[in-house]
There are 2 protein chains.
Amino acid sequence: MSGQKHKTIRDVASLARVSTATVSRVLNGTGTVRPRTAERVQQALTQLGYVPNGWAQAMAVGNGINLMGMVVPDIQNPFFAAIYAGVSEEVRSHGMIIWMANSGDDPAQERTELYSLQRYRPHGIVLTPTHLTENLAVIEKIPTPVCLVDRRLAVDQWDLVLIDNKHGARQAAKTLIEAGHRDVAILAGPQDTTPGRERFEGFREVLQEEGLALPPAYVGLGDFRESSGYRIGRELLSLDHPPTAIFSCNNLMTMGLLQAIQATPGASLGESVSVIGFDDIPISTFTTPPLTVVSRPMKEMGIQAGRLILDRMDHPTRAKETIILMPHLVIRGSERLAAAKPRV
Amino acid sequence: MSGQKHKTIRDVASLARVSTATVSRVLNGTGTVRPRTAERVQQALTQLGYVPNGWAQAMAVGNGINLMGMVVPDIQNPFFAAIYAGVSEEVRSHGMIIWMANSGDDPAQERTELYSLQRYRPHGIVLTPTHLTENLAVIEKIPTPVCLVDRRLAVDQWDLVLIDNKHGARQAAKTLIEAGHRDVAILAGPQDTTPGRERFEGFREVLQEEGLALPPAYVGLGDFRESSGYRIGRELLSLDHPPTAIFSCNNLMTMGLLQAIQATPGASLGESVSVIGFDDIPISTFTTPPLTVVSRPMKEMGIQAGRLILDRMDHPTRAKETIILMPHLVIRGSERLAAAKPRV
DNA sequence: GCTCAAAATGATAACGCTTACTTTTTGTAT
DNA sequence: ATACAAAAAGTAAGCGTTATCATTTTGAGC
């Protein structure tokens, strides 16, 4: 039911007719307690359904609870969900639990979330910052190990787990061109984030190297959300001279883009337009043709971040470490039009 | 960085040359402090980057932190993710944060998670129990409002948010039959859970009413996981006389089933076999034909659960409430074979 | 039965904060 | 200047634990 209050160690102590210290000893297996007494305490414990108060314990012991904080732009995004899974896997063995918070990619909200998180004194924080500079001062003040994931900050002072975005984008661009495409568009992410910028750069570089033009109309600036993928997808496809291939810079925008293709009369994946997406998504094997994507070791990123934080907890002064993981292309067919002949 | 410790209210007090009580007053806006003093305190506050210790606050005030607990079988499952979103939306306005835990559909793990959750004294717990009876004793001892979502317990003592599973399953079965199918199979869930049982029942009822046989070979007992959907899907499709339609009882198994169809030579969604799934999934609009599903108001379930808990926090003694939400069929095409003619 | 070390238990001070309650300061009326 | 109420600031208890120390109990050896 719900009326009662939680029992305290004092309730247990008085029921078992011992001092709170003895109950505590039984609970934690510290010190020595006579079997007879321990038995009485155990009985009181189960009879009352006592569960120790975690905060009080943490305060008494003085080193907080085994809490790991995590602040990411969007928990619902499978990419961050996978990072969560990785961090979780890595720290679980240390008896840690994870406190997830959502910054909504908004610096103000990020500030709020970092603040409320710190109120509960986590042992470390895994952070995907929303902005290069906006919250630098706040983050610098955090007296707890911080590990940045997926995005840098303007100051290079923290442990870092990154993806070689440029490399991934270059592979995508090259693959599209090798598949015969000349009119290649990009559905880019926000240019004030590292992933957004780096993927755009890699893409543009390849086009330049191959001597292909990138007209302004073929550059769609999205916000990494599904809605912008749809909107920009519709725009690109309704151009007088629509692109024959689109590189979409993240998973959610790819979802939107695919819907835009379905919604545009005459447009058809693999028939009139090719797509390569950045990040694998659950649907990628179910489209026709299946989706070619740049895939990153998402869970591995979380594992590394967790490892870096745990490591820094033990060695607070070691030099910052930067881990750059490589994405790889998963070719499934959507990079190529049914009609097109490979250049070979 | 990371070396330092968190500042305490005492650090602030001594820097501002006031007592801790005054700092507390400034922090909480209680009592009266002269502007000059408040100014000094504010300065110390920001200079030290002080963040109050949430547990200590909660303990001093004596009513815990604004924590809502949530224990579900699988956080990764979009269904529970949506419930989370609903609960989150409902309780956020009360300044609450949510502590998510994963029971893995395993009673032992559920027990563990409920225990660790209670250590942090949540104001309420939203629970999708793993088993009808296994953890009854534990759950009855929880001295905090509990609201069950999606599944009942053997004892009917808690607030409840359910779906009319039978109704949804009946709709699915009827629709398949109306589309001309006579050989209809079911990919059922575990029969020791309410959703698993009720969906099976509804399905079986309709077949009986329509005078159709349900041979044992057409009943696949899965465990609500993708792998079992795949395995059983392969089995059903490789029967000498395979079904022409399959009703899959949850989202993950549907994913597995779709993969099984793709992997089976000669099988093809909408050509050789029709599918209706229970629960909408992101991929449902991307398959060809798009997937017909029984869709439930998932987020709404979370909202209701959140509401019930908040309500019970204010009225601990009110009678238990049961909310049953209706699923509805979303017809997209996969319930019908391309060759088949509607019976009309 | 008595002694005395060893073992078991109890009393109590933290931990960081809030909040009655008490004391000091302020400012106004004389 | 003095008195005095009101306002501001300080003191200390308490929230539920653990850990240190002090005290009591136990039981072995005589």
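First the proteins, then the strands, lettered A, B, ... as listed; each starts at 1. None of the values given here were measured: they were computed from a predicted structure.
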Query - Whole angstrom value for the distance that separates C1' of D:dA19 from CE of A:Met59 - result: 14 Å

Report task. Please say whether more than 12 non-hydrogen atoms of neighbouring residues, nucleotides or ligands are located less than 6.0 Å from CZ in A:Arg225. Result -> no

Report task. Check whether any side-chain N or O of B:Thr144 sits under 3.5 Å from a backbone N or O of B:Gly124 as a donor-acceptor pair, and report yes or no. Result -> no

Query raised in the report: Quick one: does B:Glu113's side chain have a donor or acceptor within less than 3.5 Å of a partner on B:Ala101's backbone?
Result: no

Report task. Can you figure out which of C:dT9, D:dA9, D:dT17 approaches the side chain of B:Arg34 most closely? Result -> D:dA9

Query raised in the report: Rounded to the nearest Å, what distance is computed from the CG atom of residue A:Asn28 to the C1' atom of nucleotide D:dG16?
Result: 13 Å

Query - Phosphate contact (C:dG16 OP1 or OP2) by A:Tyr120 side-chain N/O below 4.0 Å - result: no

Query raised in the report: Just checking B:Arg119: base, sugar-phosphate only, or nothing, at a heavy-atom cut-off of under 4.0 Å?
Result: nothing

Query raised in the report: Is any side-chain N or O of A:Ser19 closer than 4.0 Å to OP1 or OP2 of C:dA11?
Result: no

Report summary line: Side-chain atoms of B:Ala21 come closest, of C:dT19, D:dT17, C:dC17, to C:dT19

Query raised in the report: How many Å lie between CG on B:Asn53 and C1' on C:dC17, as a whole number?
Result: 8 Å

**Report entry** For atom CZ of B:Arg40 and atom C1' of D:dA8, their distance in whole Å
**Finding:** 12 Å

Requested in this report: Establish, with yes or no, whether the OP1 or OP2 oxygen of C:dA8 is under 4.0 angstrom from a side-chain nitrogen or oxygen of A:Thr32.
Outcome: yes

Query raised in the report: In terms of the nearest nucleotide of DNA chain D, which residue is placed more toward the 5' end: B:Pro35 or B:Val61?
Result: B:Pro35

**Report entry** Short side-chain N/O contact from B:Thr22 to OP1 or OP2 of D:dG10, under 4.0 Å
**Finding:** yes

Query raised in the report: Does A:Thr37 make a side-chain N or O approach to OP1 or OP2 of C:dT9 shorter than 4.0 Å?
Result: yes

Report task. Calculate the interatomic distance between A:Arg25 atom CZ and D:dT17 atom P; express it in whole Å. Result -> 16 Å

Query - Rounded distance in Å - CH2 (B:Trp55) to P (C:dG16) - result: 11 Å

Query raised in the report: To the nearest angstrom, how far is B:Arg36 atom CZ from D:dA9 atom C1'?
Result: 13 Å

Requested in this report: Measure from CD1 on B:Ile9 to C1' on C:dT19 and round the result to the nearest Å.
Outcome: 12 Å

Query raised in the report: Under 4.0 Å: is that the gap between some side-chain N or O of B:Ser24 and OP1 or OP2 of C:dT19?
Result: no

Report task. Indicate yes or no: at least one non-hydrogen side-chain atom of A:Thr37 is less than 4.5 angstrom from one of A:Thr22. Result -> yes

**Report entry** Given C:dG16, D:dA9, D:dT17, the nucleotide with the shortest approach to the side chain of B:Val33
**Finding:** D:dA9

Query - Among A:Ile125, A:Leu67, A:Ile65, side chain to side chain contact (heavy atoms under 4.5 Å, CB included) partner for A:Trp99 - result: A:Leu67

